[in-house]
Amino acid sequence: MVISGVGEDFIRDIIIEDLKANKNEGRVVTRFPPEPNGYLHIGHVKSISLNFGVASEFKGICYLRFDDTNPTKEEQRYIDAIKEDVQWLGFDWAEHEYYASDYFERLYGYALTLIKEGKAYVCDLSQEEIREYRGSLTESGRECLYRSRSIEENLSLFERMKKGEFEDGACVLRAKIDMNSPNVVMRDPVIYRIIKASHHRTGNRWCIYPMYDFAHPLSDSIEGITHSLCTLEFENNRPLYDWFLDQLNIHHPQQIEFARLNLSYTVLSKRKLLELVEGGYVNGWDDPRMPTISGLRRRGYTPQAIRTFCERIGVAKTNSLVDIALLEHCLREDLNRRAPRVMAVLCPLKVVIDNYPEDQVEELEAINNPEDPLMGSRLIPFSRVLYIERDDFREDPPPGFFRLTPDGEVRLKHAYYIRCEDVVKDERGEVVELHCSYDPRSRGGWTRDGRKVKGTLHWVSAQHALEAEVRLYDRLFTKPSPEEDPDFKVSLNPESLKILSPCWVESSLKDAPIGSRYQFLRLGYFCVDPDSSDEGRLVFNQTVPLRDTWAKIEKLQKEKRRRDGG
RNA sequence: UGCCAGAUAGUGUAACAGGUCAACACGCCUGACUCUGGAUCAGGAGACUCCAGGUUCGAGUCCUGGUCUGGCAGCCA
């Protein structure tokens with residue numbers, strides 16, 4: 001029952017203690033309760049992973065419950081998207097798909113019980129008046145005269161609310177608790193409001209809807225939840241959560257709060273993500289730059305990488321900001337194992353092998369994944385005209401550069417050693433073509449003479465290569481915590497998307513299915529974007545670049561030069 | 001001048017009911033290896049555990065008092 005290795009946290013500690021004490025007869029029941037008013041993002045995965053993880057570790061069960069108590073904000077399409085995302089992540093709620101709206105009748109009954117016991121009343125105060133009467137953080141509130149209405153009157157009024165006799169906002173049902181409570185949440189909170197709007201599941205059956213504070217604990221109780229895990233901002237609401245359950249004297253789950261995930265260089269709030277979508281700052285909820293599940297999926301993230309990440313960040317009560325580098329590390333770790341290697345040239349530079357026969361084509365063997373021999377190998381065509389990466393040639397190489405240079409020799413991966421013999425430039429002095437010679441003895445990328453050739457380049461045969469569009473992504477924001485600005489959009493990264501075209505990829509990618517992931521050798525991981533078409537249009541998304549030691553060295557060199565240069 | 005919560009290397013988490021040199025991961029730095037400057041491997045730097053007192057043979061862990069940070073005044077969740 002105790003988890004091996006990592007995965008211990010204060011919540012699991014509590015559950016272990018509860019189990020020892022035989023609380024809940026040894027059952028562990030959790031739930032993931034999204035409101036269907038937006039798309040899931042990686043912050044939600046922390047909660048999903050916790051709830052489903054805890055349940056499975058303790059031989060319990062986790063439900064998926066839609067918290068759909070506000071018809072003005074919720075939509076069926078969000079429910080569909082949420083289900084797809086949770087499923088894609090690999091979590092299984094089996095037949096336990098529940099809706100708070102399924103409990104509306106029972107919740108209404110509980111409200112009647114409270115009224116009958118003199119613990120709830122209908123209040124006619126306007127929204128502004130309620131706010132005034134509530135007092136402030138430092139001053140206690142005041143009781144209004146509606147608070148002393150008779151039970152009969154409350155019953156009849158509430159009935160009329162339900163029947164639709166009043167307009168939206170005309171009155172509300174409130175719990176009668178304590179207007180002087182130091183906790184503002186307890187100052188007679190609203191538990192039912194009138195909303196004459198069609199609900200995505202109950203249609204027009206109801207015109208009164210329960211508030212979260214009322215619906216949530218009762219839904220948890222109805223379902224027999226044992227541990228109700230939620231984020232820190234609900235800490236203040238816990239006394240109210242407990243109050244309803246105590247007053248109604250029904251099954252009482254334990255609410256436990258943990259810190260939500262914050263990730264550097266992005267925002268994780270539905271409201272802000274919606275703003276990015278609606279403001280056209282990104283191309284929809286599934287834009288590969290978005291931290292939404294659908295965005296990450298389109299970007300090429302694997303469910304496993306995301307789940308591993310959520311396990312490694314741990315669960316605690318301190319507000320924290322997790323370095324996105326950890327997410328990227330988990331991603332690379334997973335992709336390194338599973339992604340087949342292929343060759344692709346993003347910024348092409350033409351290379352002509354002068355001593356290679358004009359119309360000869362050779363098929364060379366290339367291993368698909370050195371991390372996994374079982375993935376086998378494939379044949380790739382080699383011919384006289386090739387493309388290599390522009391960055392892989394320097395006419396005037398900086399120290400430590402061991403790629404192609406005038407008169408220098410490098411290895412073409414899986415192919416031959418080549419030597420640069422001539423550099424062709426256009427009228428502006430731009431290098432447009434390289435003339436090289438190859439060493440026939442080095443076929444396969446190796447010679448017996450013990451020659452040391454340090455640089456190895458990826459390449460693609462010009463006549464065989466497929467044209468592709470490649471989309472490069474960078475962090476969405478330029479600051480680690482964009483939310484610290486009054487307008488988080490000021491630190492949006494203007495270079496978060498770069499479109500490269502034409503790029504050239506090896507011919508084996510011809511029928512690569514949408515979503516399939518590859519390592520473009522020496523460049524990074526890429527996946528096929530849905531914008532690709534059957535007619536041969538190929539679009540790749542950069543999922544994450546490979547660690548690039550040379551880029552780091554060169555950056556340091558440049559910085560040093562700038563400093564020394566004064 | 002309210003209530004609640006939190007504070008451990010750059011970042012995130014540990015340290016089991018006070019007891020080996022405060023651990024692990026990411027990141028960073030070295031080096032080895034390598035047909036990916038990838039991966040892998042080996043090593044290293046980095047924390048007076050928010051502060052000040054106290055209890056104790058012994059405190060990150062307990063007590064007292066501070067400081068700082070976060071949350072709360074929707075008919076949102």
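Each chain gets a letter, A, B and so on, in the order its sequence line appears, and its residues count up from 1. None of these values were measured; they are calculated from a predicted model. Hydrogens, waters and symmetry mates are skipped; everything else that's a heavy atom, side chains included, is used.
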Exercise. Quick one: do A:V460 and A:L386 satisfy side-chain contact (heavy atoms from CB on, under 4.5 Å)? Show the steps, please.
Key: CA-CA 6 Å; A:V460 105; A:L386 315 168; over 6 Å; no
Practice problem: Look at the rings of A:Y108 and A:F158 and say which category their plane angle falls in: under 30° parallel, 30 to 60° tilted, over 60° perpendicular. | Solution: parallel
Self-check item: Upstream residue (5' side of RNA chain B) when A:N183 and A:D323 are each assigned their closest nucleotide
Solution: A:N183
Practice problem: Under 4.0 Å from any atom of RNA chain B, heavy atoms only: list the residues of residues 237-245 of chain A that qualify, in numerical order. | Solution: A:N237
Please produce a list of atom pairs where a protein N or O lies less than 3.5 Å from an N or O of nucleotides 16-20 of chain B.
none

Quiz item: If you look only at pairs with a residue in residues 37-46 of chain A, which of them pass as a side chain to side chain donor-acceptor pair (under 3.5 Å), with sequence neighbours excluded?
Solution: A:E35-A:N37, A:N37-A:K270
Exercise. Taking syn as within 90° of 0 and anti otherwise, name the glycosidic form of B:A17.
Key: syn
Self-check item: Contact nearer the 5' end of RNA chain B, comparing A:L326 with A:D548
Solution: A:L326
Quiz item: Between B:C51 and B:A59, how far is it from one P atom to the other, in whole Å?
Solution: 15 Å
Practice problem: State whether A:D188 and A:R147 are salt-bridged, where the test is any N-O pair (Lys NZ or Arg NE/NH1/NH2 against Asp/Glu carboxylate O) under 4.0 Å. | Solution: yes
Quiz item: Does a donor on one side chain sit under 3.5 Å from an acceptor on the other, for A:T308 and A:E311?
Solution: no
Exercise. Determine, for A:R338 against A:E371, whether the closest basic-nitrogen to carboxylate-oxygen distance falls under 4.0 angstrom.
Key: no
Quiz item: What pairs meet the side chain to side chain donor-acceptor pair (under 3.5 Å) rule with one or both residues in residues 317-330 of chain A, with sequence neighbours excluded?
Solution: A:E235-A:K317
Quiz item: Syn or anti for B:G54, with syn set at within 90° of 0?
Solution: anti
Atom pairs, N/O to N/O, protein against nucleotides 68-70 of chain B, distance under 3.5 Å?
| unit_1 | atom_1 | unit_2 | atom_2 | d |
| --- | --- | --- | --- | --- |
| B:G70 | O2' | A:N319 | ND2 | 3.1 |

Quiz item: What stems involve RNA chain B, if each pair must be Watson-Crick or G-U and both of its distances must be under 3.5 Å, with 3 or more such pairs in a row?
Solution: B:2-7 with B:67-72, B:10-13 with B:23-26, B:28-32 with B:40-44, B:50-54 with B:62-66
